[in-house]
Amino acid sequence: MTTPVREHDPVRSYPLSWAAVDEACTAVDAAPRAEEVELWVHDAREAVAQIVPATGRITAAAGGAFGAACRVWEDGAFGSASRTVDGADDIRSLVHEARTTLDRRNVSVRPAPDLAAAPAPRRIPAPLDTAAAEHLVRTTAERLRLAGADVQVLLAQQYQWTTATATLGGLRREYQHEQTRVVVRCETAHGAVVEAAEAQRVTDDPGTDALVHRIATALDTLGAPGLPGPAAVPRGLPVVLRPQVAAPVVAGLGWLFSGTTALATPGLARAVGKRLFPSCLHVDDVPDAHPDGPPVVHDDEGEAAGPVVLADEGRLTGFLHSWSTAHRLGQTPNGRGIRMGVGAQPMPRPVALRVAPGRGAMPEDFIELSCRLENLVTMPRAGRIEMIVAGWEVRGGRRIRRIAPFEFHCDLLTYLRKLRGTGTDAQILPLADGALTPSLHFEELP
């Protein structure tokens with residue numbers, strides 16, 4: 001018998017997100033004259049339910065926060081300020097705080113994006129529902145128990161957030177999004193397995209069938225009874241990373257194709273138009289790629305977010321840009337200036353990265369890596385992938401022997417040059433930053 005325990009935080013700065021947006025726009029219109037003033041507001045709500053599997057006890061909580069960030073450009077000087085805010089007067093004071101930080105850096109003023117873009121229709125989202133989150137963790141815990149999983153942590157999260165960008169020059173951009181996510185951590189004799197699933201609406205199932213299947217696959221890889229014991233890693237065979245193992249590699253593509261990486265690696269920036277990868281690699285970032293969610297129509301700087309092809313048949317074709325990285329590289333912004341929090345400046349990030357599935361060949365004899373164990377970070381330094389993985393030795397398309405967990409380390413750019421194909425089993429994975437991730441076939445181990 002589960003015992004729900006609710007711990008609600010009722011404090012809200014605004015009853016509705018759209019009221020916050022309107023007051024932010026009013027604050028910008030009332031700002032002292034400058035070359036440009038940009039105000040970004042972020043209103044977020046969250047409901048979380050977590051189960052303690054050993055006792056069945058469920059805790060639930062709900063709350064929210066409202067924050068804003070202001071940037072000012074004036075006569076080659078730039079200033080910024082950001083924090084949580086509470087009401088229209090507080091928003092106006094933040095604009096004045098940003099002006100007090102003006103520092104002459106010979107910074108070019110950011111040109112206004114296209115003001116003619118049609119505004120997205122406003123809507124009032126469905127309310128967050130802690131009871132639904134409790135039901136989700138309860139039923140998922142039972143399904144994982146039946147699959148033989150030793151669940152240590154299981155939680156369901158519902159998010160809603162509204163962001164808006166307003167400028168003195170007249171720009172108005174608004175975006176509202178919601179999401180439900182399940183995260184689970186299961187203990188094994190070899191270490192922990194972590195998985196997640198998500199949907200783009202709080203009322204939708206986040207894909208628990210696929211989550212349970214991925215956990216069951218990992219457990220089967222680590223200890224299926226009645227099969228030969230684990231073997232050392234065989235050499236000389238090609239390698240296939242199943243989607244749950246390929247996730248850190250695909251997430252790493254968001255770093256590789258970022259404008260910040262291009263700035264830090266001049267040789268990479270100069271390689272646009274050249275074939276850096278095998279022809280089986282096609283990568284793009286398509287804002288409306290998630291079939292169950294609203295498309296991302298602009299970034300947190302108000303720039304339109306259209307489709308961007310990053311690698312076409314192995315040829316490097318471009319990068320993801322904020323206004324700053326595009327300006328410094330002499331490129332055009334493409335709507336990827338994303339803030340990862342109120343205190344963060346916009347940085348280039350993908351919105352819906354995709355690795356094209358079903359390209360190149362898949363082998364008959366190979367090392368199949370189908371389980372990834374938890375480690376602290378999968379990219380401890382830029383471009384370096386480190387994982388703990390396990391899998392199978394496959395001959396003639398049949399699994400013949402388990403391969404015990406081992407450390408898998410590679411330089412991302414170098415290893416991508418050994419890519420030989422992508423599978424037809426692509427999945428949208430939260431642990432790949434929401435990217436469409438197929439199996440990846442490499443010539444050999446790193």
Side-chain angles (χ1 to χ4, degrees), residues 34-40 69 71-74 76 78 80 105-120 163-175 253-277 281-289 295-340 344-356 413 433 435:
E35 286 185 80
E36 185 62 287
V37 177
E38 174 199 270
L39 186 65
W40 178 81
R71 300 194 292 178
V72 178
W73 290 264
E74 185 172 356
F78 172 79
S80 65
R105 307 177 192 171
N106 294 319
V107 177
S108 298
V109 65
R110 183 171 79 89
D114 179 15
L115 302 180
T163 63
T165 304
T167 70
L168 195 61
L171 175 73
R172 299 291 185 267
R173 296 284 190 268
E174 302 169 350
Y175 178 66
L253 296 176
W255 164 84
L256 181 64
F257 292 113
S258 166
T260 53
T261 302
L263 282 169
T265 317
L268 187 64
R270 292 193 296 268
V272 172
K274 297 180 181 178
R275 193 179 299 280
L276 291 189
F277 315 104
L281 183 65
H282 181 94
V283 183
D284 58 19
D285 190 42
V286 182
D288 58 355
V296 177
V297 295
H298 56 79
D299 65 6
D300 291 331
E301 298 182 292
E303 296 284 353
V308 178
V309 177
L310 302 166
D312 184 21
E313 295 187 347
R315 194 180 305 278
L316 177 64
T317 54
F319 295 95
L320 305 168
H321 283 303
S322 64
W323 176 82
S324 176
T325 61
H327 176 71
R328 293 170 65 185
L329 288 168
Q331 303 294 317
T332 301
N334 51 28
R336 288 344 188 250
I338 308 297
R339 289 181 184 266
M340 299 304 291
Q345 292 290 333
M347 299 291 287
R349 287 184 60 86
V351 293
L353 199 69
R354 304 188 305 183
V355 175
L413 181 57
D433 293 337

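Values reported hereafter were calculated over all heavy atoms of this structure, with side chains retained and with hydrogens, waters and symmetry mates removed. In this text the structure is predicted, and so the values were computed from the model without any measurement. The first residue of the sequence shown is numbered 1, and numbering continues consecutively from there.
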From OG1 (Thr325) to CE (Met347), nearest 0.5 Å: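 It comes to 8.0 Å.
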Verdict with reasoning, Arg349 to Asp433, per side chain to side chain contact (heavy atoms under 4.5 Å, CB included): CA-CA 10 Å; Arg349 287 184 60 86; Asp433 293 337; 4.1 Å; yes
Rounded distance [0.5 Å steps], NE2 in His327 versus OG in Ser322: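 Answer rounded to 0.5 Å: 11.0 Å.
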Val309 and His282: CA distance, side-chain angles, deciding distance, side chain to side chain contact (heavy atoms under 4.5 Å, CB included) verdict: CA-CA 8 Å; Val309 177; His282 181 94; 4.0 Å; yes
Residue pair Leu276, Leu281: steps toward the side chain to side chain contact (heavy atoms under 4.5 Å, CB included) verdict: CA-CA 10 Å; Leu276 291 189; Leu281 183 65; over 6 Å; no
Trace of the side chain to side chain contact (heavy atoms under 4.5 Å, CB included) decision for Val351 with Asp299: CA-CA 9 Å; Val351 293; Asp299 65 6; over 6 Å; no
Phe319 and Phe257 aromatic ring geometry - parallel, tilted or perpendicular at 30°/60° bounds: tilted
Short side-chain to backbone donor-acceptor contact, Asp285 and Leu353, under 3.5 Å: yes
Atom pair OG1/NE2 of Thr165 and His298 - distance to nearest 0.5 Å: 6.5 Å
For Arg71, all residues meeting salt bridge (charged side-chain N to carboxylate O under 4.0 Å, His left out), sequence neighbours excluded: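 Here the qualifying residues are Glu38, Glu301.
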Ile338 CD1 to Asp300 CG distance, which is reported to the nearest 0.5 Å: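 So the CD1 of Ile338 and the CG of Asp300 are separated by 5.0 Å.
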Any side-chain heavy-atom pair of His321 and Leu329 under 4.5 Å: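 Answer yes - side chains close enough.
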Rounded distance (nearest 0.5 Å) linking atom CG of Leu320 with atom CZ of Arg336: 6.0 Å
Atom of Arg172, atom of Ala166 and distance for their closest heavy-atom approach: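 Looking at all heavy atoms of both residues, the closest pair is NH1-CB, 3.7 Å.
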Residues Thr260 and Ser258: side-chain donor-acceptor under 3.5 angstrom: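 On atom types as modelled, these side chains qualify, holding a pair under 3.5 Å.
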Ring pair (Phe, Tyr, Trp, His ring centres under 6.0 Å) partners for Trp255, two or more places apart: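 By the ring pair (Phe, Tyr, Trp, His ring centres under 6.0 Å) rule, Trp255 matches no residue at all.
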Atom pair CG (Leu316) and CG (Leu310), whose distance is rounded to the nearest 0.5 Å: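 It comes to 8.0 Å.
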Flag if over 12 foreign heavy atoms under 6.0 Å of CZ, Arg315: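 Counting other residues, nucleotides and ligands, CZ of Arg315 exceeds 12 neighbours.
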Distance-minimising heavy-atom pair for Ala262 and Ala269: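 The pair with the smallest heavy-atom distance is O-CB, 3.7 Å.
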